[in-house]
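Labels below follow one simple rule: chain letters A, B, ... track the order of the sequence lines, proteins then strands, and each chain is numbered from 1.
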There are 2 protein chains.
Amino acid sequence: MPPQSAAAGDPGPIIRQSLPAEVATRLRDLITQGHIAPGTRLNEVVLCAQLGVSRTPLREAIRRLAGEGLVELVPARGGVVRRLTLKDAADSLAVLKALETLAGRLACAAADEAGIAQVQALHAAMMDRYAARDRLAYFKLNQAVHTAIVALSGNETLAWAHEAIQARMKHLRFIGNAGEQKWADAVAEHEEMVRALAARDGDALAAVLAAHLDRTLERVAPVL
Amino acid sequence: MPPQSAAAGDPGPIIRQSLPAEVATRLRDLITQGHIAPGTRLNEVVLCAQLGVSRTPLREAIRRLAGEGLVELVPARGGVVRRLTLKDAADSLAVLKALETLAGRLACAAADEAGIAQVQALHAAMMDRYAARDRLAYFKLNQAVHTAIVALSGNETLAWAHEAIQARMKHLRFIGNAGEQKWADAVAEHEEMVRALAARDGDALAAVLAAHLDRTLERVAPVL
DNA sequence: GGACGCCATACTGTATGCAGTATGAAGCTG
DNA sequence: CAGCTTCATACTGCATACAGTATGGCGTCC
């Protein structure tokens, strides 16, 4: 969501808030979008040249991703991109279900009108990208909707945990959106979600979110 | 749980699996046990001398703790020990409640006899330390019981998230155990937990865990 | 011919040097 | 005397050099 200021490879000219954070974001994208395959060793020198930074901030970024569970740190061999099993996906989705269910109830109780409007705006933007069949943008807005709903709960720990676990699943969700019917189903479920939120019906929202995540497992299972 | 081999300050003689990990553990203990107060800036050079390591692994340890949410990383000022507010505690406990509730149900359904026996053994050990009023050992075994129950669920993501959030609360729980009555209540609730687990009554276990965590908030609230 | 052991290589892990920046104190001015 | 500016200091963030270790190829021995 935060605009990556220095997209080019050369040393950014403007102010930057945190180099390792930025590097981590870029690396994360590289992994989730499949440019670095699961099981691949992250060669530090190569990535240094590729991302235009030195080893120190790169290493910190790798550790950060390791903390999120995207890469595994094996001693004396560095970081390797974590390979997700079907069980991993099922586990993560089960936890996401518990978290989003809770978040949904809290959001309906605590959210202000502006927050709900913001979710609706994100949803509308997502529908727009869906209509245009812009998968990458749709994908990002999809995640943003879920994140926004969780944020509405007002529970920061909840948001933190959700973000961390969602990050692990990004790759799966990204490649798992194939199939016109599945995609349409997911979109329909999102419609329901936003309706339930607008009506502030916590139970309904929780139910829809739970169902949505169950279906998500079915949608991503084939790729594993 | 893993035995810290090189407890002394000098460079460890034997094999070590990962220096930053070990440093992170020691730093974590320092923070959770209150030797470093919340709000304190982590001066790298001082801690280097204190822990007997160089800046690089220490920095990595600090980043690791930042990833767990124990310390906050402010640009150009390094790491400061995070100060928990009442809201933070309430938020974390709400999430723990969702996680442990789920874990309890899964554990009752999936655990094998050996696993249940192990939890019972930990509980017995905890009761022993309670009888001896050994607060530090009780505290650690208490955490271990919760962790073991979550592990019995067989859901690795769940275990990961639980561990991460529990780490943030360790300090609070450590200083929040004051008061003989509160302590006795907590122990009684633990008795119930283990009984429900042994009976494989998922609903009952979930209910007890939920109540236990609600009470935990009441127990730690006074210190905030 | 196959298997074991040795050696060269490449990569990670650690230490240290250097630059940028925030901070606090001292001096100056209104 | 108060407030502001300026400068010195100390600390973080980054870069790079060094050391330790796993790995893959090659030669040798059985």
Side-chain angles (χ1 to χ4, degrees), chain A residues 2 4-6 8-27 30-31 36-37 39-67 70-82, chain B residues 2 4-6 8-27 30-31 36-37 39-67 70-82:
Chain A
Q4 50 267 32
S5 45
D10 55 59
I14 336 177
I15 204 167
R16 81 163 105 263
Q17 53 174 5
S18 173
L19 183 53
E22 187 191 323
V23 173
T25 303
R26 283 205 269 163
L27 238 183
L30 246 48
I31 292 175
I36 304 180
T40 307
R41 271 181 72 173
L42 298 176
N43 188 318
E44 296 180 359
V45 236
V46 172
L47 283 174
C48 281
Q50 197 165 336
L51 298 177
V53 295
S54 189
R55 279 187 63 205
T56 309
L58 175 73
R59 280 177 66 84
E60 185 175 330
I62 292 178
R63 311 299 153 142
R64 212 173 278 214
L65 297 186
L70 260 87
V71 313
E72 204 164 353
L73 245 46
V74 342
R77 297 202 53 181
V80 301
V81 180
R82 189 139 178 268
Chain B
Q4 49 265 38
S5 44
D10 55 59
I14 337 176
I15 203 169
R16 81 164 104 261
Q17 53 175 4
S18 172
L19 182 53
E22 187 191 323
V23 173
T25 302
R26 284 204 267 163
L27 238 183
L30 245 48
I31 293 175
I36 304 181
T40 309
R41 270 182 73 173
L42 299 175
N43 188 318
E44 295 180 358
V45 253
V46 172
L47 283 173
C48 280
Q50 196 166 337
L51 298 177
V53 295
S54 188
R55 278 186 63 204
T56 310
L58 174 73
R59 281 177 64 87
E60 184 174 331
I62 292 177
R63 310 299 152 141
R64 211 173 279 214
L65 296 186
L70 261 86
V71 312
E72 204 165 350
L73 247 45
V74 342
R77 297 203 51 178
V80 302
V81 180
R82 188 139 178 267

For the CD1 atom of B:Ile62 and the CD atom of A:Glu60, what is their distance to the nearest 0.5 Å? 10.5 Å
Taking only residues two or more places apart in sequence, or in another chain, which ones meet A:Val45 in a side-chain contact (heavy atoms from CB on, under 4.5 Å)? A:Asn43
Using whole Å, what does the distance between atom C1' of nucleotide D:dT12 and atom CG of B:Leu47 come to? 13 Å
So which heavy atom on A:Ala24 is nearest to which on A:Leu65, and how close? O-CD2, 4.0 Å
Got a second to check how far A:Arg59's CZ is from A:Thr56's OG1, nearest 0.5 Å? 8.0 Å
If you look only at pairs with a residue in residues 72-82 of chain A, which of them pass as a salt bridge (Lys or Arg N to Asp or Glu O under 4.0 Å), with sequence neighbours excluded? A:Arg82-A:Asp88
Please enumerate all protein N or O atoms sitting under 3.5 Å from an N or O of nucleotides 15-18 of chain D, with distances to 0.1 Å.
unit_1: D:dA15; atom_1: OP2; unit_2: A:Ser54; atom_2: N; d: 3.4
unit_1: D:dA15; atom_1: N7; unit_2: A:Thr56; atom_2: OG1; d: 2.7
unit_1: D:dT16; atom_1: O4; unit_2: A:Thr56; atom_2: OG1; d: 3.4

How many angstroms lie between atom CD1 of B:Ile36 and atom CG of B:Leu47, to the nearest 0.5 angstrom? 5.5 Å
Calculate the interatomic distance between A:Leu42 atom CG and C:dA10 atom C1'; express it in whole Å. 16 Å
Indicate, with a heavy-atom threshold strictly under 4.0 Å, whether A:Val46 touches base, sugar-phosphate, or nothing. nothing
Working to the nearest 0.5 angstrom, can you tell me the gap between A:Arg64 CZ and A:Leu70 CG? 13.5 Å
Can you tell which of A:Val71, A:Leu73, A:Leu42, A:Val74 makes a side chain to side chain contact (heavy atoms under 4.5 Å, CB included) with A:Val80? A:Val74
Does anything in residues 75-82 of chain B come within less than 4.0 Å of DNA chain D? Heavy atoms only, and list the residues if so. B:Ala76, B:Arg77, B:Gly78
Separation of B:Leu58 atom CG from C:dT16 atom P, in whole Å? 14 Å
For atom CD of A:Glu60 and atom C1' of C:dG13, their distance in whole Å: 16 Å
Measure across A:Cys48 and A:Leu58 and return the closest heavy-atom pair with its distance rounded to 0.1 Å. SG-CD2, 3.7 Å
Rounded off to whole Å, could you give me the CG-to-P distance for the B:Asn43 and D:dG13 pair? 12 Å
Please classify the nucleic acid contact of A:Leu73 as base, sugar-phosphate, or nothing, using heavy-atom distances under 4.0 Å. nothing
Please report the distance, rounded to the nearest Å, between CD in A:Glu22 and P in D:dC14. 11 Å
By nearest heavy atom, map B:Glu44 and A:Arg41 onto DNA chain D; which one lands nearer the 5' end? B:Glu44
To the nearest 0.5 Å, what is the distance between CG (B:Leu30) and OG1 (B:Thr25)? 11.5 Å
By salt bridge (Lys or Arg N to Asp or Glu O under 4.0 Å) - contacts of A:Arg55 (at least two apart): A:Glu44
Can you tabulate the close N/O pairs, meaning under 3.5 Å, that link protein atoms to atoms of nucleotides 5-9 of chain C?
none

